[in-house]
Enquirer: 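Pasting a structure here, questions to come.
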Amino acid sequence: MLSFDNKQILDTPPLKIEKNGGKKAYLFRNTDGAEPVITRHYDHQFRPDAAYKASLPDMTETVDSIEGANVAIQQVGISGFRLPLKFATPAGEALTLEARVTGTVSLQANLKGINMSRIIRTFYAHKDEVFSLDTLARVVQDYRRDLESMSARVKVAFSYPMLVPALRSGLEGYQYYSGSYEAVLEENGTLRRFVELDFVYSSACPCSAELAEHARDVRGVYAIPHSQRSKARIKVEVAPDTSLHLEDLIHHARAALKTETQVMVKREDEQAFAELNGAYVKFVEDAARLLYEQLIADRRIHDFQVACSHLESLHSHDAVSVIAKGLPGGFRADFNDFSTLLC
Ligand SMILES: Nc1nc2c(ncn2[C@@H]2O[C@H](COP(=O)(O)OP(=O)(O)OP(=O)(O)O)[C@@H](O)[C@H]2O)c(=O)[nH]1
């Protein structure tokens with residue numbers, strides 16, 4: 001029986017290939033429409049040696065195949081590869097959480113493409129470390145080295161659990177926070193590090209509260225002010241030579257907004273929550289300023305941007321606000337991705 005070595009088949013004129021043991025061998029048809037000459041099968045025994053790998057074509061090494069404008073690209077890489085990582089807690093523990101990673105590097109003109117697999121392979125060299133912002137600083141240094149790029153960035157997103165107490169019943173339950181750590185190594189060698197948090201809270205409208213009281217006082221009418229689940233996306237740049245943990249931002253958000261959504265709620269907790277919302281009614285403008293007040297006081301925070309969205313139960317739309325520290329050349333209040341602030 002003819003061996004299914006494609007090279008041998010290719011060297012011989014098209015042949016009527018005996019079907020071995022009646023098993024249909026699907027063959028590619030060659031140009032003149034004669035019997036196809038290549039067998040399609042997977043060789044489980046084949047192992048590429050160094051010489052064979054060196055013979056493999058590598059498009060990223062070609063220059064004359066650049067399509068479009070032969071210009072530099074600011075970010076090229078991989079978005080959304082996932083792996084379990086150990087995350088440091090402020091108490092010194094290590095929580096193993098699912099991490100969703102986006103790694104990119106710059107690509108200069110005249111280069112066709114990056115060695116894409118190195119974005120993951122280089123990251124994997126750190127996969128057994130306990131992750132913090134400092135780990136990411138090492139990853140971007142390695143990206144610049146391994147991909148021979150001028151700049152590099154890496155963002156690790158994760159869902160961080162904290163055990164939170166109920167307001168009055170003494171119970172507790174797990175609250176999960178969507179957050180991320182990010183490091184950017186710029187062409188001039190400047191390292192920038194960011195922490196981002198989505199914080200979910202309740203916002204009771206101060207205007208609606210006043211109108212409800214007015215209806216009760218003036219006309220003896222019972223009225224319920226509107227309140228709604230709301231979300232603040234807080235992104236901070238960490239000052240050089242300091243560090244920040246996601247829990248630090250969680251504490252700032254709790255101190256600013258007071259009415260975080262609850263996990264464990266018995267009736268005594270629910271009554272407490274109603275009182276809390278009465279004590280801390282807030283417009284979406286108030287939420288932005290309350291967070292500004294907390295963040296501006298933390299010396300570890302170099303710059304910040306906050307976007308708030310109140311998913312109004314009164315309206316068929318959301319009330320939104322964006323505030324930035326206002327550093328020259330820093331974050332601008334240009335956030336407009338409010339559709340990602342649903343909760
Ligand atoms: N640059 C680039 N590579 C891509 C893309 N899509 C798929 N790839 C493939 O990514 C694969 C892995 O690329 P490399 O990391 O260069 O693989 P490699 O050359 O074996 O790795 P090294 O030995 O480290 O050079 C290649 O087969 C590319 O064709 C893309 O959009 N851009």
Side-chain angles (χ1 to χ4, degrees), residues 4-7 9-10 26-31 36-86 98-129 131 133-158 180-194 196 337 340:
F4 285 104
D5 168 343
N6 294 338
K7 184 100 178 66
I9 292 175
L10 276 176
Y26 288 92
L27 306 175
F28 290 111
R29 186 158 299 290
N30 66 7
T31 47
V37 291
I38 292 185
T39 308
R40 203 162 48 193
H41 78 287
Y42 182 75
D43 180 351
H44 290 276
Q45 312 311 320
F46 178 65
R47 292 290 175 270
D49 58 18
Y52 184 85
K53 276 194 268 189
S55 73
L56 292 174
D58 187 346
M59 283 302 288
T60 57
E61 299 296 324
T62 61
V63 178
D64 53 6
S65 69
I66 286 179
E67 304 287 346
N70 183 359
V71 293
I73 305 174
Q74 286 72 29
Q75 289 194 61
V76 185
I78 295 178
S79 174
F81 68 90
R82 293 182 296 167
L83 72 166
L85 288 181
K86 291 186 289 289
E98 178 193 275
R100 300 176 304 284
V101 187
T102 296
T104 58
V105 295
S106 58
L107 181 69
Q108 293 164 284
N110 297 315
L111 294 178
K112 169 73 174 176
I114 66 168
N115 292 99
M116 197 64 88
S117 67
R118 297 182 194 176
I119 293 283
I120 298 187
R121 291 159 52 202
T122 297
F123 190 92
Y124 265 53
H126 299 270
K127 69 178 174 54
D128 298 323
E129 296 178 33
F131 261 68
L133 264 178
D134 299 336
T135 322
L136 295 190
R138 292 194 292 276
V139 169
V140 287
Q141 295 286 0
D142 291 357
Y143 269 172
R144 206 162 69 159
R145 180 198 62 211
D146 294 353
L147 286 108
E148 297 164 33
S149 290
M150 305 294 283
S151 65
R153 344 173 37 119
V154 65
K155 182 171 187 177
V156 177
F158 52 96
S180 68
Y181 290 140
E182 182 177 12
V184 177
L185 187 57
E186 297 183 339
E187 280 196 34
N188 63 7
T190 304
L191 174 69
R192 301 175 67 194
R193 297 165 303 150
F194 303 90
E196 188 170 287
D337 235 357
T340 65

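Computed from a prediction, not measured in an experiment: that's the story for all the values here. Hydrogens, waters and symmetry mates are skipped; everything else that's a heavy atom, side chains included, is used. First listed ligand is number 1; within each ligand, the first listed atom is number 1.
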Enquirer: Please classify the Arg121 to ligand 1 contact at 4.0 Å (heavy-atom distances, strictly less than): side chain, backbone, both or neither.
Expert: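 For Arg121, the contact with ligand 1 is made by the side chain alone.
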Enquirer: So Val154 and Val101, do their side chains get closer than 4.5 Å, heavy atoms only?
Expert: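 In short, these two side chains touch, coming nearer than 4.5 Å.
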Enquirer: Measure the acute angle between the ring planes of Tyr52 and Phe46, then classify it against the limits of 30° and 60° as parallel, tilted or perpendicular.
Expert: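 Taking Phe46 first and then Tyr52, their aromatic rings stand perpendicular (interplane angle over 60°).
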Enquirer: Going by the angle between their ring planes, with limits at 30° and 60°, are Phe123 and Phe81 parallel, tilted or perpendicular?
Expert: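 Because their plane-to-plane angle is over 60°, the rings of Phe123 and Phe81 count as perpendicular.
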Enquirer: Answer yes or no for atom 27 (O) of ligand 1: protein heavy atom present at a distance under 4.0 Å?
Expert: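 Protein heavy atoms within 4.0 Å of atom 27 (O) of ligand 1 - there are none.
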Enquirer: Please report which non-hydrogen protein atom sits nearest to atom 15 (O) of ligand 1, along with the residue it belongs to and the distance in Å to one decimal place.
Expert: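 Closest protein heavy atom to atom 15 (O) of ligand 1: Ser117 OG, 2.5 Å.
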Enquirer: In terms of residue, atom name and distance, what is the protein heavy atom nearest to atom 1 (N) of ligand 1?
Expert: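 Result for atom 1 (N) of ligand 1: Ile114 O, 2.9 Å.
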Enquirer: Kindly state if atom 19 (O) of ligand 1 has a protein heavy atom within a strict 4.0 Å cut-off, that is, under 4.0 Å?
Expert: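 At least one protein heavy atom is under 4.0 Å away.
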Enquirer: Ser79 and side-chain contact (heavy atoms from CB on, under 4.5 Å): which partner among Thr104, Ile119, Thr102?
Expert: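 Exactly one option meets the side-chain contact (heavy atoms from CB on, under 4.5 Å) with Ser79, and it is Thr102.
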Enquirer: Kindly indicate whether atom 22 (P) of ligand 1 is approached by any protein heavy atom to under 4.0 angstrom.
Expert: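 Yes, there is one.
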Enquirer: Work out which heavy atom in Asp134 is nearest to a heavy atom in Arg193; give both atom names and the distance.
Expert: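 Closest approach of Asp134 to Arg193: OD1-NH1, 3.5 Å.
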Enquirer: Under 4.0 Å from a heavy atom of Asp58: which atoms of ligand 1 are those, numbered in the order shown and with their elements?
Expert: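 With Asp58 as reference, the close atoms of ligand 1 come out as 19 (O).
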Enquirer: Where does Leu56 meet ligand 1, judged by heavy-atom distances below 4.0 Å: at the side chain, the backbone, both, or neither?
Expert: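 It is neither part, as no heavy atom is under 4.0 Å.
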Enquirer: What's the separation between atom CZ in Arg144 and atom CZ in Arg153, rounded to the nearest 0.5 Å?
Expert: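 That separation rounds to 14.0 Å.
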Enquirer: Find out whether Glu148 and Val105 are in side-chain contact, i.e. whether some heavy atom of one side chain is under 4.5 Å from a heavy atom of the other.
Expert: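 No, side chains not in contact.
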Enquirer: Could you pull out the closest heavy-atom pair between Ser180 and Ala157, with the gap in Å?
Expert: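 Looks like CB-CA, 3.9 Å.
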Enquirer: Under 4.0 Å from atom 30 (C) of ligand 1, can you find at least one protein heavy atom?
Expert: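 Yes, at least one protein heavy atom sits under 4.0 Å from atom 30 (C) of ligand 1.
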Enquirer: Hey, is Lys53 one of the residues with a heavy atom under 4.0 angstrom from ligand 1?
Expert: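 No, that is not the case, since the closest heavy atom of the residue is not under 4.0 Å from the ligand.
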Enquirer: How far is atom 25 (O) of ligand 1 from its nearest protein heavy atom, and which residue and atom name does that atom have?
Expert: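 Checking every protein heavy atom, the shortest distance to atom 25 (O) of ligand 1 gives Arg118 NH2, 2.8 Å.
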Enquirer: Just need the protein heavy atom nearest to atom 10 (O) of ligand 1, so name the residue and atom and give the distance.
Expert: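 Heavy-atom neighbour on the protein nearest atom 10 (O) of ligand 1: Met116 CB, 3.7 Å.
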Enquirer: Measure from atom 7 (C) of ligand 1 to the protein's non-hydrogen atoms and state whether any distance is below 4.0 Å.
Expert: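 No, there is none.
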Enquirer: Side chains of Arg121 and Ser117: donor-acceptor distance under 3.5 Å anywhere?
Expert: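 Short answer, yes.
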Enquirer: For atom 16 (O) of ligand 1, find the nearest protein heavy atom and state the residue, atom name and distance (0.1 Å precision).
Expert: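 Looking at atom 16 (O) of ligand 1, the protein heavy atom closest to it is Asn115 ND2, 2.7 Å.
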